[in-house]
Amino acid sequence: MKEVSWFEGLANFLVSGIIPDEFSSNQRKKLKRYCQDYYWNEPYHFQICMDGVIRRCVPEEVQGNILGTCHASPYDGHRGGARIVTKVLSCGFYWPTLYKDASGLVKRCDECRRAGGTSKKNEMPLTTILEIDIFYV
């Protein structure tokens with residue numbers, strides 16, 4: 001028997017309202033509580049996130065393309081996992097394993113591993129600017 005993905009399971013419940021018979025009472029309650037933040041607008045599946053923004057949920061087939069595009073963008077690309085997650089969320093996409101997938105992508109990226117993180121030693125020193133009023137002398 002094929003395992004149903006999170007996307008398909010939520011979409012089936014939101015469209016039909018039918019809970020599978022093999023679910024226990026706790027699983028039924030959990031599914032109903034979990035689905036309160038999701039809604040279905042044909043043909044898309046959306047989630048109301050914690051910050052109040054409505055984001056489109058994407059299936060597993062598309063997630064890799066979205067992460068790859070945000071990670072290898074010509075501007076501000078090849079940054080850390082948190083930066084990639086911020087880009088994906090600002091584009092209006094969401095899936096439950098987004099944070100884990102982004103950190104895994106950064107760990108597998110050859111260019112990111114070669115560059116490494118910027119340490120305090122490699123940063124430019126900050127100097128204060130002396131402000132003097134005109135005609136101070």
Side-chain angles (χ1 to χ4, degrees):
M1 184 172 159
K2 180 187 167 200
E3 183 179 327
V4 178
S5 71
W6 72 272
F7 185 82
E8 294 168 353
L10 276 175
N12 288 339
F13 177 73
L14 291 172
V15 170
S16 65
I18 299 172
I19 300 174
D21 293 333
E22 62 269 4
F23 277 19
S24 67
S25 64
N26 287 339
Q27 288 175 327
R28 291 171 186 262
K29 289 178 186 176
K30 186 176 180 181
L31 179 65
K32 288 179 182 178
R33 190 170 47 248
Y34 187 68
C35 287
Q36 288 176 350
D37 295 334
Y38 292 90
Y39 70 94
W40 177 263
N41 187 3
E42 188 71 33
Y44 298 114
H45 185 201
F46 296 95
Q47 185 201 20
I48 303 169
C49 294
M50 295 296 289
D51 55 358
V53 177
I54 299 172
R55 293 188 175 94
R56 184 175 147 206
C57 297
V58 292
E60 287 84 4
E61 301 86 36
V62 186
Q63 293 171 4
N65 294 337
I66 293 172
L67 275 178
T69 302
C70 290
H71 180 65
S73 67
Y75 63 94
D76 202 30
H78 294 283
R79 298 292 182 130
R83 185 73 57 97
I84 296 171
V85 169
T86 303
K87 280 186 178 183
V88 170
L89 292 175
S90 68
C91 290
F93 298 113
Y94 175 80
W95 60 92
T97 58
L98 174 61
Y99 293 92
K100 185 176 79 171
D101 295 344
S103 66
L105 177 68
V106 170
K107 289 177 184 174
R108 290 189 310 270
C109 179
D110 186 49
E111 189 173 331
C112 292
R113 285 190 303 184
R114 289 179 193 221
T118 305
S119 65
K120 291 285 185 186
K121 182 180 87 174
N122 296 331
E123 290 181 359
M124 293 291 292
L126 298 176
T127 58
T128 58
I129 299 173
L130 183 62
E131 293 183 24
I132 300 176
D133 291 335
I134 300 177
F135 307 115
Y136 182 69
V137 178

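Remember, it's a predicted structure, so these values are computed and weren't measured experimentally.
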Check your understanding: How many angstroms lie between atom CG of L105 and atom CD of Q63, to the nearest 0.5 angstrom?
Key -> 12.5 Å
Review point. What's the spacing between R108 CZ and S103 OG if we round to 0.5 Å?
Key: 9.0 Å
Revision key, fill the gap. Residues G81 and A102: closest non-hydrogen pair is O-CB, 3.8 Å
Revision key, fill the gap. Here the pair of heavy atoms bringing R55 nearest to D51 is NH2-OD2, 3.1 Å
**Study point:** side-chain hydrogen bond (donor to acceptor under 3.5 Å, both in side chains) against R83, all qualifying residues, sequence neighbours excluded
**Key:** D76
Check your understanding: With sequence neighbours left out, what residues match N41 under side chain to side chain contact (heavy atoms under 4.5 Å, CB included)?
Key -> Y39, F46
Practice item. Enumerate the residue pairs fulfilling salt bridge (charged side-chain N to carboxylate O under 4.0 Å, His left out) with a member in residues 87-100, sequence neighbours excluded, ordered by first and then second residue. Key: none
**Study point:** Side chain to side chain, L98 and I84, heavy atoms closer than 4.5 Å
**Key:** no
**Study point:** Any side-chain heavy-atom pair of W95 and I66 under 4.5 Å
**Key:** yes
Check your understanding: In terms of hydrophobic clustering (I, L, V, M, F, W, Y; side-chain heavy atoms under 4.5 Å; direct or indirect links), are Y99 and V53 co-clustered?
Key -> no
